[in-house]
There are 2 protein chains.
Amino acid sequence: MGDVRWLTETEIDTWLKFRSVVELYPGLLDSQLRRDSQMTHMEYQVLAMLSEAPDRTLRMTTLAARTTSSLTRMSHVVTRLAQRGIVARSACALDGRATNVTLTDEGHDLLVAAAPGHVTQVRESFLDALSPAQLRQLDDICDSILTRIDPEGKMTAR
Amino acid sequence: MGDVRWLTETEIDTWLKFRSVVELYPGLLDSQLRRDSQMTHMEYQVLAMLSEAPDRTLRMTTLAARTTSSLTRMSHVVTRLAQRGIVARSACALDGRATNVTLTDEGHDLLVAAAPGHVTQVRESFLDALSPAQLRQLDDICDSILTRIDPEGKMTAR
DNA sequence: AGCAAATTATTGAATCATCAACCAATCACG
DNA sequence: CGTGATTGGTTGATGATTCAATAATTTGCT
């Protein structure tokens with residue numbers, strides 16, 4: 001239990017900026033997708049990950065890991081998407097505990113319709129805001145941070 | 001209405017990492033503060049900003065801007081903090097529309113008790129994860145992003 | 001002065017996330 | 001081969017955030 005190392009002025013500045021970004025960014029993504037495509041960013045991410053998976057199907061745990069979601073949260077998200085006919089749940093033949101989630105055709109149509117707006121948002125607020133050098137720097141920076149906050153890579157599996 | 005510029009593989013990689021960070025980070029801060037100090041990160045930020053203000057008092061709008069919060073959200077947060085005796089609302093003498101929010105002594109004690117744990121969390125998950133060069137890079141990167149997502153600086157006033 | 005527009009803030013309903021508790025299936029290992 | 005531990009997943013209650021609507025005050029203009 002050593003003493004706390006308080007932050008310097010410079011550290012506070014950088015920290016508060018970073019804090020603003022992580023606090024503001026999720027809401028930005030949510031509001032564009034909600035407004036234009038009636039879905040949250042987490043829902044979009046689910047559709048995107050399923051659309052790239054074999055048979056457009058993934059297990060709950062995998063889906064949660066690929067979208068940085070807790071299993072609990074994913075369960076609620078999938079319940080809502082299933083009620084809307086966007087995904088379908090099914091039992092996994094290989095493991096009786098597991099649940100498979102499949103993207104329906106309807107869900108795929110929804111993703112196709114939502115993608116341009118979302119990609120444009122990502123370009124305008126992120127990719128086009130930074131130089132190629134900054135993007136490379138940020139890639140490394142995110143690696144370092146993720147190593148600290150999710151050492152096992154449980155939440156960030158690819 | 002031009003065509004969408006889809007993302008390259010490299011862009012997708014960087015984007016998904018960044019996305020993971022912004023998605024994971026707020027929850028990390030919340031869970032440490034909730035566990036150790038019975039408050040959310042937004043509540044901590046309110047206490048921190050008030051503690052540095054003259055008379056430990058700020059107007060709602062200023063408080064919202066300094067904590068990257070909407071006014072609506074801040075109104076709810078302040079209602080809860082006031083119920084717990086951590087802050088006090090009062091009318092602003094200069095502008096009949098405005099509300100002042102003041103940190104109580106009890107609130108200040110709570111902040112003092114919570115600060116070491118929070119600062120340690122910030123060091124371990126952020127400042128100590130990055131080199132001095134990376135911190136400088138990230139400072140610039142955050143400036144660029146914030147310019148895009150909050151051009152007027154409405155949410156990020158200091 | 002007088003009135004429209006903008007600013008400041010609050011409220012209530014709906015939505016979403018988190019936490020704790022739980023259940024069922026599989027694994028590890030004596 | 002059985003039993004305790006682990007893994008995979010769901011549920012319901014609680015709490016926080018957003019959205020839309022509303023109200024009161026001030027500002028800008030003529």
Side-chain angles (χ1 to χ4, degrees), chain A residues 22-36 38-46 57-84 87 89-101 152 154-155 157, chain B residues 22-36 38-46 58-84 87-101 152 154-155 157:
Chain A
V22 302
E23 203 68 37
L24 243 28
Y25 217 94
L28 185 76
L29 298 171
D30 270 338
S31 75
Q32 182 272 319
L33 281 165
R34 255 193 245 271
R35 173 169 43 79
D36 299 338
Q38 291 73 54
M39 70 178 76
T40 63
H41 175 50
M42 179 55 71
E43 288 170 343
Y44 181 92
Q45 210 61 23
V46 168
T57 300
L58 289 172
R59 281 155 66 142
M60 287 295 294
T61 302
T62 311
L63 195 49
R66 297 222 180 142
T67 57
T68 55
S69 161
S70 67
L71 198 46
T72 293
R73 182 181 180 185
M74 187 51 62
S75 186
H76 286 300
V77 170
V78 165
T79 297
R80 291 190 292 263
L81 289 175
Q83 277 165 356
R84 293 165 62 189
V87 303
R89 271 193 239 250
S90 60
C92 175
L94 299 169
D95 187 332
R97 295 165 299 182
T99 304
N100 284 325
V101 184
E152 325 272 309
K154 286 192 214 286
M155 308 299 285
Chain B
V22 302
E23 203 67 36
L24 242 28
Y25 217 95
L28 184 78
L29 298 171
D30 271 337
S31 76
Q32 182 273 319
L33 281 165
R34 255 193 246 269
R35 173 168 42 81
D36 299 338
Q38 291 74 55
M39 68 178 78
T40 63
H41 175 50
M42 180 53 71
E43 287 170 345
Y44 181 92
Q45 210 62 23
V46 168
L58 290 172
R59 281 156 64 146
M60 287 296 293
T61 301
T62 311
L63 195 49
R66 297 220 180 145
T67 57
T68 54
S69 161
S70 66
L71 197 46
T72 293
R73 183 181 180 184
M74 187 52 61
S75 185
H76 286 299
V77 170
V78 166
T79 297
R80 291 191 292 264
L81 289 175
Q83 275 165 357
R84 295 166 62 190
V87 302
R89 272 192 238 251
S90 60
C92 176
L94 299 170
D95 186 333
R97 296 165 299 181
T99 303
N100 284 325
V101 183
E152 324 273 309
K154 286 193 214 290
M155 308 298 285

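Chain identifiers are assigned alphabetically (A, B, ...) following the order of the sequence lines, protein sequences preceding nucleic acid strands; residue numbering begins at 1 within each chain.
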Exercise. Take A/R73 and B/E23, measure what salt bridge (charged side-chain N to carboxylate O under 4.0 Å, His left out) needs, and give me the verdict at the end.
Key: CA-CA 13 Å; A/R73 182 181 180 185; B/E23 203 67 36; 3.7 Å; yes
Practice problem: Give the C-alpha distance, both sets of side-chain angles, the deciding distance and a yes or no for salt bridge (charged side-chain N to carboxylate O under 4.0 Å, His left out) between A/R84 and A/E43. | Solution: CA-CA 12 Å; A/R84 293 165 62 189; A/E43 288 170 343; 3.6 Å; yes
Of the listed nucleotides ([options]), which one gets closest to any side-chain atom of [X]?
| X | options | result |
| --- | --- | --- |
| A/A98 | D/dG8, D/dC19, D/dT17 | D/dG8 |
| A/L71 | D/dG8, C/dT8, D/dT18 | D/dG8 |
| B/M42 | C/dT18, D/dG9, D/dT17 | D/dT17 |

Keeping the roles fixed (side chain from [X], backbone from [Y]), state whether a donor-acceptor pair exists under 3.5 Å.
| X | Y | result |
| --- | --- | --- |
| B/D30 | B/T40 | no |
| A/S75 | A/L71 | no |
| A/T62 | A/L58 | no |

So what does [X] hit on the nucleic acid, given a heavy-atom distance under 4.0 Å: a base, only sugar-phosphate, or nothing?
| X | result |
| --- | --- |
| B/R80 | base |
| B/R35 | nothing |
| A/T99 | sugar-phosphate |

May I ask you to verify if any side-chain N or O of [X] is less than 4.0 angstrom from the OP1 or OP2 atom of [N]?
| X | N | value |
| --- | --- | --- |
| B/R97 | D/dA24 | no |
| A/R34 | C/dC16 | yes |
| B/R89 | C/dA9 | no |

To the nearest Å, give me how far apart [atom1] ([X]) and [atom2] ([N]) are.
| X | N | atom1 | atom2 | answer |
| --- | --- | --- | --- | --- |
| B/L24 | C/dT18 | CG | P | 10 Å |
| A/E23 | D/dA16 | CD | P | 14 Å |
| A/L81 | D/dT10 | CG | P | 13 Å |
| A/Y44 | C/dC16 | OH | P | 18 Å |
| A/Q38 | C/dC16 | CD | C1' | 17 Å |
| A/N100 | D/dT10 | CG | P | 11 Å |
| B/M60 | D/dA23 | CE | C1' | 15 Å |
| B/R73 | C/dT10 | CZ | P | 16 Å |

Self-check item: Within-4.5 Å side-chain heavy-atom neighbours: A/C92 and A/R59
Solution: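 Yes, their side chains come closer than 4.5 Å.
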Practice problem: For A/D95 and for B/T61, find the nucleotide of DNA chain C with the closest heavy atom, then tell me which residue's nucleotide is more 5'. | Solution: B/T61
Practice problem: Between B/G27 and B/M74, name the one whose nearest nucleotide on DNA chain C is closer to the 5' end. | Solution: B/M74
Practice problem: Give a yes or no on whether a donor-acceptor pair under 3.5 Å exists between the nucleobase atoms of D/dG12, that is its base, and the side chain of A/H76. | Solution: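 Indeed, a donor on one side and an acceptor on the other fall under 3.5 Å apart.
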Practice problem: Would you mind telling me which residue lines up with the more 5' stretch of DNA chain D, B/E43 or A/S31, judged by nearest nucleotide? | Solution: B/E43
